[in-house]
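In what follows, a single structure is set out as structure tokens and then discussed.
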Amino acid sequence: MTSDTVRVRFAPSPTGYFHVGGARTALYNWLFARHHGGKFILRIEDTDRTRYQPQALPDLLEALRWLGLCWDEGPQVGGGYGPYYQSDRQELYQEYAQQLVKEGHAYPCYCSPERLRQVREEQRAAGIPPGYDRHCRDLTEKEIAEYEAQGLKPVIRLAAPLEGTTSFDDLLRGHITVNNRQLDDMVLLKSDGFPTYHLANVVDDHLMEITHILRGEEWLSSVPKHVLLYDAFGWEMPVQAHLPTILDPSGEGKLSKRKKQTPGKKEMPTFVHEFREAGYLPEAMVNFLALVGWAYDGQTEFFTRDELIRYFELEGVSKSPSAFSYDKLEHMNAAYIRELGQNDLAGRLMRVLQEEGLDADFETVLQAVPLIQTRIRTLKDAIPLLDFFFVEEIDYDPELLIQKGMGAEGTVEALKAAREILAAMESFDREMLEATLRQAAKDLDLGLGPFFGGVRVACAGRRVAPPLFGMLAILGQVTVVERLDKAIRLLAESA
RNA sequence: GCCCCCAUCGUCUAGUGGUCUAGGACACAGCCCUUUCAAGGCUGCGACAGGGAUUCGAGUUCCCUUGGGGGCACCA
């Protein structure tokens with residue numbers, strides 16, 4: 001294959017929020033296109049009016065942009081093969097369907113949905129594979145005229161061969177053959193005039209000169225039907241590669257089909273926008289997603305975008321379904337956060353803090369970044385480590401102040417001592433704070449843990465907080481003394 | 001029920017007949033470091049689904065079984 005002829009497409013249907021599984025498919029298509037210097041096309045398959053969701057399209061476009069998967073042709077960017085919305089291509093599908101009817105490859109079917117359902121039920125009851133019984137396949141001109149006279153709107157069905165076999169090659173799975181008896185006469189054009197996936201997909205892939213189809217494994221069993229269509233049209237079928245399914249972390253069932261609520265467990269994101277909101281970095285998502293079903297050498301796990309483009313090969317794509325590991329994603333996200341420049345991280349944290357309703361200022365966040373950079377796995381993890389910098393009064397349970405082995409009274413004494421020492425300091429920088437407080441602990445004969453622990457809770461309102469000295473320096477002497485005073489008062493009151 | 005696909009540690013995977021007493025990563029456990037929590041360092045736990053066949057030799061090839069996944073719409 002010549003590298004400049006590769007054309008791949010990602011063709012989602014706007015029926016809901018954009019899912020990570022779809023993102024992985026889009027990513028592989030994008031990587032494949034970039035690797036071969038080809039084109040990545042985005043096509044919107046909006047042919048189902050009943051499932052259409054208006055928020056799905058903006059969600060999809062935003063998610064793809066967030067992940068950095070820019071498309072060369074498609075919505076908002078145009079291209080020479082448009083339109084890229086199938087709803088704008090209706091006449092095209094109707095023409096092609098009519099062509100097939102004319103040539104005897106397809107026929108109108110007037111069966112009602114009720115009849116079809118009934119047929120299926122009977123088949124199921126009888127233990128035979130469900131499928132259309134080809135009731136309308138050999139209608140006479142007269143019968144057709146009668147149906148039309150009744151005002152019935154037909155669907156157009158493909159006249160699939162009754163015998164023989166159909167086979168094709170999948171780049172990942174090799175040669176696949178099915179018995180034509182398994183194929184039924186699929187609907188190409190619905191009675192509302194819209195095409196089904198099968199027709200629209202085949203027509204568009206041909207017209208858009210798609211060279212490689214990389215899509216989810218769930219499509220594998222409909223490829224034989226597509227082969228029939230390509231044959232009927234006399235077109236060459238693009239190269240096929242069916243990507244393994246992404247499974248729920250339990251390994252049971254597709255991630256996209258998982259029940260959102262697992263009792264007793266926290267709800268994990270599955271939509272791309274949810275990952276963004278949860279504080280995952282797009283570069284980490286891309287790196288991680290690339291590795292769900294693909295490996296380079298089994299050793300390297302961190303790749304820049306350019307490295308992914310350079311190394312990505314279909315040959316490295318796994319055939320078996322893979323579970324989606326949130327643990328590994330978090331690990332990778334944390335690693336990416338650690339690699340971020342301080343200004344960069346601070347900027348990203350600002351957005352998260354503001355979304356949380358905190359009145360954060362960039363300077364303070366930037367100062368705090370070195371304290372928390374190794375402590376957060378997602379951007380959202382920063383909230384409990386930073387929120388107390390940006391509120392007037394912190395609110396917490398006074399019980400938290402009490403340190404192990406010190407009791408309430410001992411803690412009050414330690415806090416009072418710390419308050420006096422801190423209030424008396426002339427310079428409040430990190431080094432000075434560390435030197436002073438360490439000396440104080442020694443002088444007071446107090447353990448570092450309990451002594452520092454009380455001050456930490458008094459100033460942060462939490463037992464887990466950023467490293468003490470840096471935190472105090474950022475808070476500033478006035479605030480620190482105020483908070484210590486309050487802590488002493490609270491503890492005295494509750495005792 | 002029928003059809004298709006798949007099968008290495010709990011998970012993601014490396015492995016394309018001999019270098020495999022099977023490598024890496026996540027998770028988990030222990031130790032070190034340590035003011036909390038992390039990060040970091042070291043160590044440990046842990047897999048070729050089962051059975052046949054081919055071969056001097058099989059994780060690697062073939063068959064069967066089992067298991068898992070997907071599909072069987074006027075949805076994509």
Side-chain angles (χ1 to χ4, degrees), chain A residues 11-15 45-48 50-51 109 111-113 116-117 120 123-124 126-132 153-157 170 172-174 176-179 181-184 186-192 194-198 200-201 216-224 242 244-245 247 249-254 288 291-302 318-332 334-335 338 371-377 381 385 434 437-438 441 447-453 455-457 460 462-469:
Chain A
S13 186
T15 55
E45 310 221 325
D46 52 350
T47 56
D48 186 347
T50 60
R51 293 205 307 155
C109 163
C111 292
S112 67
L116 295 175
R117 201 178 318 122
R120 265 197 301 275
Q123 287 166 331
R124 218 176 282 270
I128 53 177
Y132 180 53
K153 292 267 179 253
V155 300
I156 302 298
R157 285 183 185 273
D170 184 281
L172 262 30
R173 291 153 212 282
I176 294 169
T177 301
V178 297
N179 198 309
R181 271 175 303 202
Q182 300 301 326
L183 277 25
D184 73 352
M186 65 174 161
V187 173
L188 302 175
L189 214 56
K190 306 177 211 172
S191 55
D192 64 4
F194 276 82
T196 58
Y197 171 86
H198 307 290
N201 196 261
E217 194 186 356
E218 63 268 27
W219 293 107
L220 194 59
S221 44
S222 46
V223 178
H242 287 83
T245 314
L247 268 23
S250 64
E252 294 162 16
K254 289 171 76 174
F288 173 75
L291 258 14
V292 181
W294 173 80
Y296 172 55
D297 57 4
Q299 208 84 261
T300 319
E301 302 214 282
F302 287 88
S318 143
K319 286 191 286 246
S320 46
S322 26
F324 187 98
S325 168
Y326 286 97
D327 280 334
K328 195 146 188 172
L329 203 216
E330 277 205 0
H331 168 82
M332 190 162 269
R338 272 179 252 130
L371 305 181
I372 66 162
Q373 193 155 15
T374 64
R375 277 163 245 267
I376 56 176
R377 291 164 76 79
D381 288 344
L385 293 175
E434 173 155 14
L437 287 173
R438 281 190 189 279
L448 256 30
F451 183 49
F452 293 170
V455 177
R456 178 180 302 110
V457 175
R462 304 193 137 91
R463 283 201 162 137
V464 174
L468 189 62
F469 316 118

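Heavy-atom basis, side chains included; hydrogens, waters and symmetry copies ignored. Just so it is clear: chains get the letters A, B, ... in the order the sequence lines come, proteins before strands, and each one is counted from 1.
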Closest of G69(B), C26(B), A73(B) to the P130(A) side chain is A73(B)
For R117(A), answer base if it contacts any base atom (sugar-phosphate contacts may also be present), sugar-phosphate if it contacts only those atoms, and nothing otherwise; contact means non-hydrogen atoms under 4.0 Å. nothing
How would you label the contact of A295(A) with the nucleic acid (heavy atoms, under 4.0 Å): base, sugar-phosphate, or nothing? sugar-phosphate
I need the CG-C1' distance between D381(A) and C37(B), as an integer number of Å. 11 Å
Atom-pair distance (NZ on K319(A); P on U8(B)), nearest Å: 12 Å
Distance between the C1' atoms of A47(B) and A39(B), in whole angstroms? 30 Å
Residue V178(A), side-chain heavy atoms: nucleotide from C5(B), C3(B), U35(B) that is nearest: C3(B)
Whole-Å distance, D184(A) CG to A73(B) P, equals 7 Å
Judged by atom type as modelled, is there a donor-acceptor pair below 3.5 Å linking the side chain of D170(A) to the main-chain atoms of H242(A)? yes
Does a sphere of radius 6.0 Å around CZ in R181(A) hold more than 12 heavy atoms from other residues, nucleotides or ligands, not counting ones at 6.0 Å or beyond? no
Could you check which nucleotide pairs with U66(B) in any of the strands shown, counting Watson-Crick or G-U wobble with both distances under 3.5 Å? A7(B)
Ranking A76(B), C5(B), G69(B) by distance to the side chain of P321(A), first place goes to G69(B)
Contacts of D192(A) and D297(A) projected onto RNA chain B by closest heavy atom; the upstream (5') one is D297(A)
Between G69(B) atom C1' and E217(A) atom CD, what is the distance in whole Å? 6 Å
For R181(A), answer base if it contacts any base atom (sugar-phosphate contacts may also be present), sugar-phosphate if it contacts only those atoms, and nothing otherwise; contact means non-hydrogen atoms under 4.0 Å. nothing
Determine the Euclidean distance between corresponding C1' atoms of A76(B) and G18(B); express it in Å to zero decimal places. 49 Å
With a sphere of 6.0 Å drawn around CZ of R463(A), does it hold more than 12 non-hydrogen atoms of other residues, nucleotides or ligands? yes
Closest to the side chain of P129(A), out of U36(B), G1(B), A76(B), is G1(B)
Side chain of F469(A) - closest among U35(B), C26(B), C4(B): U35(B)
Heavy atoms under 4.0 Å, any strand shown: does R173(A) hit a base, just sugar-phosphate, or nothing? sugar-phosphate
When all nucleic acid strands are considered with a 4.0 Å heavy-atom cut-off, which category describes P154(A): base, sugar-phosphate, or nothing? nothing
When rounded to the nearest Å, what value does the distance between C1' atoms of G51(B) and A58(B) take? 15 Å
Euclidean distance, atom CG of residue L371(A) to atom C1' of U34(B) [Å, nearest integer]: 16 Å
Presence of K328(A) side-chain N/O under 4.0 Å of G10(B) phosphate oxygens OP1/OP2: no
For a quick test of reading the model: is some side-chain N or O of R462(A) closer than 4.0 Å to OP1 or OP2 of U36(B)? no
Under 4.0 angstrom, heavy atoms only, what part of the nucleic acid is L220(A) near: base, sugar-phosphate, or nothing? sugar-phosphate
Applying a 4.0 Å non-hydrogen cut-off, can you work out what V155(A) is touching in the nucleic acid: base, sugar-phosphate, or nothing? base
Can you check whether Y326(A) and F288(A) have ring centres sitting under 6.0 Å from each other? no
Taking U36(B), C3(B), G69(B) as options, the one with an atom nearest any side-chain atom of R456(A) is U36(B)
C45(B) and A27(B): how far apart are their C1' atoms, nearest whole angstrom? 12 Å
Contacts of E301(A) meeting salt bridge (charged side-chain N to carboxylate O under 4.0 Å, His left out) (sequence neighbours excluded), chain-then-number -> K328(A)
Any donor and acceptor pair, going by atom type alone, linking the side chain of R462(A) with main-chain N or O of L385(A) inside 3.5 Å? no
For the residue pair C109(A) and R157(A), what are the closest heavy atoms and their distance? SG-NE, 3.3 Å
Test salt bridge (charged side-chain N to carboxylate O under 4.0 Å, His left out) applied to R51(A) - qualifying residues, sequence neighbours left out: D48(A)
Can you say whether a donor on the side chain of S191(A) sits under 3.5 Å from an acceptor on the base of C74(B), or the other way round? yes
P466(A) backbone acceptor or donor facing R375(A) side chain under 3.5 Å: no
Rounded P spacing from G59(B) to C48(B) in Å: 11 Å
C109(A) near the nucleic acid: base, sugar-phosphate alone, or nothing, with a heavy-atom cut-off under 4.0 Å? nothing
What contact category does G447(A) fall into here, base, sugar-phosphate, or nothing, at under 4.0 angstrom with non-hydrogen atoms? nothing
Taking atom C1' in both C72(B) and U13(B), compute the distance separating them and give it to the nearest angstrom. 32 Å
Counterpart base for C75(B), defined by Watson-Crick or G-U wobble contacts under 3.5 Å: none
Between U66(B) and G15(B), how far is it from one C1' atom to the other, in whole Å? 24 Å
Spacing of the C1' atoms in U16(B) and C74(B) (rounded, Å): 46 Å
Provide a list of protein-nucleic acid N or O atom pairs under 3.5 angstrom, restricted to nucleotides 38-44 of chain B.
residue	atom	partner	partner atom	Å
A38(B)	O2'	T374(A)	O	2.3
A38(B)	N3	T374(A)	OG1	3.0
A39(B)	O4'	T374(A)	O	3.4
G40(B)	OP1	R338(A)	NH1	3.2

Side chain of S318(A): nearest nucleotide among U13(B), U35(B), G24(B)? U13(B)
When all nucleic acid strands are considered with a 4.0 Å heavy-atom cut-off, which category describes T47(A): base, sugar-phosphate, or nothing? sugar-phosphate
Find the distance Q123(A):CD to C72(B):P and express it as a whole number of Å. 14 Å
Report the distance from atom NZ of K190(A) to atom C1' of C75(B), rounded to the nearest whole Å. 7 Å
Is P467(A) touching bases, backbone alone, or none of the nucleic acid, heavy atoms closer than 4.0 Å? base
With a 3.5 Å distance limit and no angle check, can you tell me whether N179(A) reaches the backbone of Q182(A) through a side-chain donor-acceptor pair? no
Evaluate the ring planes of Y197(A) and W219(A), with Trp represented by its six-membered ring, and classify them as parallel (under 30°), tilted (30 to 60°) or perpendicular (over 60°). parallel
Interatomic distance, Q299(A) CD vs G15(B) C1' [rounded to whole Å]: 11 Å
Any strand, both distances under 3.5 Å, Watson-Crick or G-U wobble: C28(B) pairs with G44(B)
Measure from the side chain of S325(A), starting at C-beta and using heavy atoms only, and say which of U11(B), U35(B), A76(B) lies closest. U11(B)
Would you mind telling me which residue lines up with the more 5' stretch of RNA chain B, S320(A) or T300(A), judged by nearest nucleotide? S320(A)
